[in-house]
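The analysis underlying the following values was restricted to heavy atoms, covering all of them including side chains, and did not include hydrogens, waters or symmetry mates.
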Amino acid sequence: MQKKVLGICLVIALLEGFAGLGIEIYAIRISATYIGASISITGVILAMVLIAIAVGYWYGGRLSQHISTPRQALLKAGHVLSLSAISHAIACIMQLPLLAFMTANTSSPILAAMGVGLLFGVGLAFGSTAIPLITQFLSLKHKSDSVNSNSGANLGVDTGKNAGMMVAITTVGSVLGSTLTPILLLPYIGLMSSLALFIVTLAISSYLCTKLAVQLYPDDYVSALTPRQNHMLAVSAVIITAAFIMLSRVDTGYQTATGAWFIKQIIYEDKLAVTITDKPGQSTSSCWIYLTKKNCHWYGEITVAAIEQLEPKSLVFLGGAGMGTPSEVAHANPEMALTVIDIDKDLPSIIETHFLKASIAPNIEFIGDDARGYLTRHRDASYDFMLIDAFQGRFVASNLYTLEALTQFKTNSNYIMANIIGMPTPKHGYTQTIFKNWYEVFGDSAYVLTKNDSTNLQNIMLCNFACPGSQPLAHADFFNQQQKVHTDDIPRLDRYLYRSIESL
């Protein structure tokens, strides 16, 4: 009996840790559509998570000091777990309006990330409060069993072991929640189904605590109100979550282990087309016209024109996105060998099923890997042409634009182009940092082409050759040659992730 009770307590701790961190992964993923998914944003949300867990442990310890019976400890643990479930359910309803409000009133994604962390931190704090309470239950039960035992034998474990086991198991649950959620749950059952699973898990944890208290101590009866309250709160959390999922009109995209992709059918020049993006409402990664089998983006058209000018035999694209540009090139030039390197290994199935609605061209080889990491491991790889087209929302993948990375790419290909989003004005530090690095590596061979003559945010093409319509970067009046460079040691581009790109 003693081992069975201990086992149930450890299962409760495991479930609490799993659901708590799983919900945080859900919050981070759905927040990415508004504020991105940079290291800084994820770090802020995780910091708020750890603070909430610490507060819960502290408060649970304070509550334990005023609990004198095992039944009371379990019922209180069940109560805070039910509060955790309903707090998370309410947070899910409030998250999107909160993000919409904060992004509309502040240009700092860090503040929005703190808001998300605080919103879900309430439920996390309630959940972690249960761990000291269950630890107190085990200690009180051990004392009670020792007193009631005729032999006086040690029937339980000491307080230190109780605490160690509970914290260890809830940490294992947290590890499972933070790893299985992005790797298995989100790609296979989706955001909303994962959310339902986490809320139900917390409700089950509350039920187990309450049921165990009633079964072990049926005669220690004060009032049936507390067990009933626990059950009502847990059931309410499940109902609220189910209603939110059924009524929500939020497009959560096609989930993969590394992110989410949003696909939309459009009409482009009287033809049916489709777009794909990881940041809806801010940018599109690729555009594809079904009838003509061509991309419908300006930068894609420039890239195709440059490829026609160079007539390369082997091409590599760093960043796959919708693969509109490589698909157009592959269909028009079956003799060319194209390689697409993208960190999202699940991208091809989404592209074939929902974007192209056809198989990827047979002369395209897809490599699911970090582009720079792959080329670092394959330094001898040689291509006639390279396009760098990797983004995090509107920001470029900054690790591909350090002096070290660009110098390495120069050994992999003689002709290189890059698509960036920026403002062609000397005062825009983000854009100027990219310009400066490009010029430092390619010198007088550095060329630039803007989409239009304004200083507004726009696509800009960089080349290490005279690509169609371009001018030497050194001759551009919007290039500030005094700008400092971006390196692996001092990644200056990364600092801009803390702010909106328009305000840089």
Side-chain angles (χ1 to χ4, degrees), residues 5-29 42 45-61 63-64 73-74 76-89 91-92 116-117 119-138 157 160-186 189 193-212 230 233-234 237-238 241:
V5 170
L6 179 60
I8 293 174
C9 291
L10 294 179
V11 168
I12 293 169
L14 185 73
L15 294 178
E16 186 278 324
F18 171 77
L21 263 293
I23 288 174
E24 289 310 308
I25 297 298
Y26 161 87
I28 291 172
R29 181 60 66 86
T42 303
I45 295 178
L46 289 179
M48 304 305 292
V49 166
L50 293 176
I51 291 172
I53 291 174
V55 169
Y57 285 157
W58 170 80
Y59 186 60
L63 286 178
S64 299
L74 273 182
K76 182 63 73 173
H79 187 64
V80 295
L81 285 170
S82 65
L83 288 175
S84 176
I86 201 164
S87 296
H88 280 309
C92 292
V116 172
L119 186 63
F120 284 89
V122 175
L124 268 177
F126 277 128
S128 57
T129 299
I131 302 305
L133 292 170
I134 298 175
T135 302
Q136 178 75 340
F137 156 73
L138 290 172
V157 292
K161 287 185 178 180
N162 289 338
M165 283 191 298
M166 293 301 296
V167 172
I169 293 300
T170 194
T171 301
V172 170
S174 298
V175 170
L176 292 174
S178 60
T179 53
L180 295 182
T181 301
I183 295 174
L184 294 178
L185 296 182
L186 296 184
I189 68 174
S193 296
S194 298
L195 171 63
L197 174 63
F198 299 137
I199 299 296
V200 169
T201 299
L202 286 172
I204 291 173
S205 300
S206 173
Y207 171 80
L208 289 175
C209 271
T210 307
K211 188 72 173 177
L212 188 60
N230 292 357
L233 285 171
V238 175
T241 305

Residues which pass side-chain contact (heavy atoms from CB on, under 4.5 Å) with Leu50, listed by chain and number, not counting sequence neighbours = none
Residues in side-chain contact (heavy atoms from CB on, under 4.5 Å) with Leu46, at least two apart?
->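 Testing Leu46 for side-chain contact (heavy atoms from CB on, under 4.5 Å), a comparison that skips the adjacent residues, returns Ile28, Thr42.
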Hey, is the main chain of Ala73 close enough, under 3.5 Å, to the side chain of Gln136 for a donor-acceptor pair?
-> no
Does the Thr181 side chain pair with the main chain of Ile25, one donor and one acceptor, at a distance under 3.5 Å?
->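 Here the side-chain-to-backbone pair does not exist.
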I'd like a table of donor-acceptor pairs (distance under 3.5 Å, sequence neighbours excluded) in which one partner is a side-chain atom from residues 121-129, with atom names and distances.
unit_1, atom_1, unit_2, atom_2, d
Ser128, OG, Ile53, O, 3.2
Ser128, OG, Leu124, O, 3.1
Ser128, OG, Ala125, O, 3.2
Thr129, OG1, Gly56, O, 3.3
Thr129, OG1, Ala125, O, 2.7

Shortest non-hydrogen contact from [X] to [Y]?
X     : Y      : value
Glu24 : Phe120 : OE2-CB, 3.0 Å
Leu63 : Leu133 : CB-CD2, 3.9 Å
Ser84 : Leu202 : OG-CD1, 3.7 Å

Residues which pass side-chain hydrogen bond (donor to acceptor under 3.5 Å, both in side chains) with Thr135, listed by chain and number, not counting sequence neighbours | none
Crowded around Tyr57 OH? As in, over 12 foreign heavy atoms under 6.0 Å?
-> yes
Does anything in residues 193-202 pair up under side-chain hydrogen bond (donor to acceptor under 3.5 Å, both in side chains), and if so which pairs, sequence neighbours excluded?
->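 Residue pairs with at least one partner in residues 193-202: there are none.
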Mind jotting down which residue pairs meet the side-chain hydrogen bond (donor to acceptor under 3.5 Å, both in side chains) criterion with at least one end in residues 165-175? Sequence neighbours excluded, please.
->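 Matches after skipping sequence neighbours: Glu16-Thr170.
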